[in-house]
Amino acid sequence: MQTLARPVRDWLWMVLLGVGTAATVLFTLGLLSEAVVFPLMGGLSVLCWALGPRLHDIRPRRPWWLLSAAGFFFLTGVVVRGLLADRPYPLAQLGDAFSVCGFGFFIAAMLTFLNRWGMDRRALLDGLIVCIGAAIASTLLFVLPATAIAGRPLLVSVLAGLYPLLDVVVVLLGVNLAFTTAVRQPAFVLLGGMMVLIFAGDLGYAVIGRGGDVNGPRLMTLPFLLAFTLGGAAPLHPSARALGRATPLPIQAWSPARMAVIGPAVAVPFLLEVLLNHQSPLARWILGVGGAAIVALLLVRASDAVQSHAAAQRRFEHQATHDPLTGLPNRRMLALMVERRLSESGPGDVWMFYLDLDGFKLVNDSWGHPVGDRLITEVGGRLRHALPAQATVARVGGDEFVIVQRCTEPEAMAAARRIMECVERPLLLDGAEGATAEVVVGASMGIVRAERHDTAEALMRDADTAMYRAKEEGRNRWTVFDASMRDAVRERVEIEVALRAAVAQEQLSIEYQPIVDLTTDRPAGAEALVRWQHPVRGWIGPNMFIAVAEDANLISALGAWVLRESVRQLARWRAAGVVDEDFWMSVNVSPRQLGDAGFADRLAVTLAQAGVPAGNLVLEITESVMVEGGELTERLLRRLRDMGVRISVDDFGTGFSALGYLRRHPVTGVKIDQSFVGGLGGCVEDEEIVRAVVAMSSALGLSVVAEGVETTAQRDVLAALGVPLAQGWLWGRAVPPDIFAAAWAVPVPHW
Ligand code: C2E
Ligand code: MG
Ligand code: MG
């Protein structure tokens, strides 16, 4: 059936509705007899319930098969009743046997849906309240009068009373279904319409049943005819697929719709008490017991609503104060707990440990976020486990944890060791495609002891400051806060303010240091090094302010200016014949700069405007760019290489220098860090390192520059090791451009 063309499949339900409506109209006008119209529509619906679910691959099939069986029995009931209407008792009642079976299957179908959607406790209670109200009404209004009619066989009376009760069960399930799922799509509406019609039809029969009638006028079967039509169309509608899934309603205690259904049910006993004045003892019992049951259910329902409200409140509070990933308190909760601890007195002092994982970004980037999440969860769990219950362990940021504990100083130091150990222990993590890796991360930690008048906020700030100091000092260590760090922070803020002004007003200058060819002892290039003459503090070195510029987001503007200015300087020297045309300019670029969109485009414009070939520019990047940069940086470096710009790895050997990074990234050279050069001529180890770097570089086709050469001894060792280029105070410090030109201008023959 799924082979039917899509549009045909999607519109079949309309066709069935059309046929059903036409048949109903013809039947109403008397142009079609009951003996024709019921087998036709009933048969069609039974078929639809049996086969329709295949059309849109609706699952599960069971409720629809049950509906189909119910339809079959209802239909047979109608037909048999019609055929045997004039026969004597009990043959005339044979049709009812089929109808009762039909009810059985119908109720089973509804239960299957309910089971599928998950029974909601509150929907069940609401359904029961309505059910009892309906049961009282139907018993007093229909069942008792029908069974009280004298002179009928017992079976006829029982059947007359049974139908209203079966309808009460249908009402119960209908209310339950409506309150259990949020689905309100056409298929659901069609099924709902069917149930309302069946109920209305039965109500009609129940009313005439009070007077002892069993077969009413012919048009009383109209609701059933329409019920077949609507119900049959339901599985043909594409939205019927949603009926197979649980789509719970949002939590709502007493919605207006529920009140509209429950309200009348609650009123039933009171209204009937007033309306029916001649009550038998049985009727009074039914009213009393039924009314009490409704009140009891209402009480259960009300306390249920209050409890679930309280539970939702508790859940909400937990969510607002806890980190969803680790379940640990979050920053807000931590602040409250710290304030409480500070106000309590006890043995020892309050200590705070501010922990930031080192290398977390690397794990996240190379293994993906799910693995990163697992790492955080694992570390959180370990910390919670390793520390005493009275310690607070909180997660305050992506890879930041804070621990607060009241203890003595030796205990605090022991805790610090335990914390570091928790983090450093290798972690086994499952990555994508079942790969497992042993990951080792470290942590930088700031520790602070609360002073007497500290606030939670001040404590966090100081611990954070100490943590940053630990990071600056080389990561994977802890630092205990002292007041001088607060001054350093203040100073840093002052520098930031002044630097902002300096960058805006171009108060910075650039000095140039020669990079010398060891075979000729003459500069083959120069490195541009930025300088800042602070109006009050005097000369401030880049080691201090570049980091500030990076943190304060000033590095892009600063770096762009250095690049522009040094490229222009090179152009001026080239034009004036100070340098030859192979002479290059080395410019430091910070990782942040490389993250700027349009970096390459702006650089191309700078080079073009200055008329400097891209090959005469070397960008010095740090190893961290290659390690932490990711795919975007890799693409940018490739683009720069395509432009012809050279790329050198600065301070080579101090970072994560893995051979893999050098091979993967399109770099053209390395600068051996000064720390290795300093030991040359005395330290054999440094010599071996330089030898290894030279070997590796020549294998990879990279150029090599040695930095920080201060003595002739160092120069000689470098030359002997085969390092072609060097930079250092031996040849000269970085100087302003005019001094550089005066010292190093290419000798012109006619001078
Ligand atoms: P770097 O790129 O490794 O630069 C070399 C540093 O070593 C310079 O320090 C230089 O003056 C110093 N140096 C050169 N020869 C010798 C020597 O023989 N002995 C000793 N002890 N030192 C020597 P400086 O100018 O203080 O720059 C420090 C760092 O600041 C640079 O290290 C670089 O990473 C950064 N930097 C400088 N200018 C810029 C810039 O415009 N942008 C960026 N992003 N960073 C810059
Ligand atoms: Mg450099
Ligand atoms: Mg360097």
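When a ligand or atom number is given, it counts from 1 through the structure's own listing order. Basis for what follows: all heavy atoms, side chains included, without hydrogens, waters or symmetry-related copies.
- Protein heavy atoms are found inside the 4.0 Å sphere centred on atom 30 (O) of ligand 1.
- In terms of protein heavy atoms, atom 27 (O) of ligand 1 is closest to Pro542 CG, 3.3 Å.
- Relative orientation of the Phe740 and Trp573 rings is parallel, given thresholds of 30° and 60° on the angle between their planes.
- Considering each of Glu527, Gln674, Glu707, Glu710, the one bringing a non-hydrogen atom nearest atom 7 (O) of ligand 1 is Gln674.
- When Ile510, Val709, Thr711, Val530 are checked for heavy-atom proximity to atom 38 (N) of ligand 1, Val530 turns out nearest.
- Proximity of Arg331 to Glu400: side-chain heavy atoms (C-beta onward) are separated by under 4.5 Å at one or more points.
- Taking CG of Asp551 as the start and CG of Leu499 as the end, the distance is 11.5 Å to the nearest 0.5 Å.
- Interface of Ser590 with ligand 1, defined as ligand atoms under 4.0 Å from a residue heavy atom, comprises 44 (N).
- Counting heavy atoms closer than 4.0 Å to ligand 1, residue Asn588 contributes atoms from both its backbone and its side chain.
- Of all atoms in ligand 1, listed by their number and element, those nearer than 4.0 Å to a heavy atom of Val562 are 41 (O).
- The distance from the Mg ion (ligand 2) to the nearest N/O/S atom of Asn588 is under 2.8 Å.
- Among protein heavy atoms, atom 28 (C) of ligand 1 sits closest to Asn543 OD1, 3.3 Å.
- Here Trp744 and Tyr512 keep their ring centres 6.0 angstrom or further from each other.
- The two atoms that bring Leu387 and Ala415 nearest to each other are CD2-CB, 4.4 Å, heavy atoms only.
- A salt bridge links Glu511 to Arg531: one of the charged nitrogens lies within less than 4.0 Å of a carboxylate oxygen.
- Using a cut-off of 4.0 Å between Lys/Arg side-chain N and Asp/Glu carboxylate O, Glu451 and Arg486 are scored as not salt-bridged.
- For the Mg ion (ligand 3), the set of protein N/O/S atoms nearer than 2.8 Å consists of Asp650 OD1, Asp651 OD1, Glu707 OE1, Glu707 OE2, ordered by chain and number.
- A salt bridge does not link Arg490 with Glu494: every distance from a Lys NZ or Arg NE/NH1/NH2 to an Asp or Glu carboxylate oxygen is 4.0 Å or more.
- Taking the charged nitrogens against the carboxylate oxygens, Asp464 and Arg461 have no contact shorter than 4.0 Å, which rules out a salt bridge.
- Applying the side chain to side chain donor-acceptor pair (under 3.5 Å) test to every pair with at least one member in residues 596-611, sequence neighbours left out, gives these pairs: Ser556-Asp596, Asp601-Arg639.
- Between Glu688 and Arg691, at least one side-chain N (NZ, or NE/NH1/NH2) sits under 4.0 Å from a carboxylate O, which counts as a salt bridge.
- At least one heavy atom of Arg531 sits less than 4.0 Å from an atom of ligand 1.
- Atom 9 (O) of ligand 1 lies below 4.0 Å from none of the non-hydrogen atoms of the protein.
- Evaluation of the side chain to side chain donor-acceptor pair (under 3.5 Å) test over residues 719-742, restricted to residues two or more places apart or in two chains, returns Gln513-Gln727, Asp521-Trp731, Glu527-Gln727, Lys671-Gln727.
- Using a 4.0 Å heavy-atom cutoff, Gly559 is absent from the residues neighbouring ligand 1.
- Nearest protein neighbour of atom 18 (O) of ligand 1, counting heavy atoms only, is Trp729 N, 2.8 Å.
- Scanning all heavy atoms of the two residues, the minimum distance from Gly372 to Asn364 falls at CA-OD1, 3.5 Å.
- Considering backbone and side-chain atoms together, Gln727 places no N or O closer than 3.5 Å to any N or O of ligand 1.
- Considering only non-hydrogen protein atoms, atom 32 (O) of ligand 1 sits nearest to Asp650 OD2, 4.5 Å.
- Residue contacts with ligand 1, taken as heavy atom pairs separated by less than 4.0 Å, involve Gln513 solely via side-chain atoms from C-beta onward.
- The atom of Glu527 that is an N, O or S and sits closest to the Mg ion (ligand 2) is OE2.
- By the 3.5 Å distance cut-off applied to N or O atoms, Leu529 is not counted among the residues near ligand 1.
- Minimum interatomic distance between Ala488 and Arg469 (heavy atoms only, all atoms of both residues): CB-NH2, 3.7 Å.
- Contacts between Glu620 and ligand 1, counted as non-hydrogen atom pairs separated by less than 4.0 Å, involve the side chain only.
- The ring-ring contact (aromatic ring centres under 6.0 Å, His included) pairs that include a residue from residues 663-695 number zero, where partners must be two or more places apart or lie in different chains.
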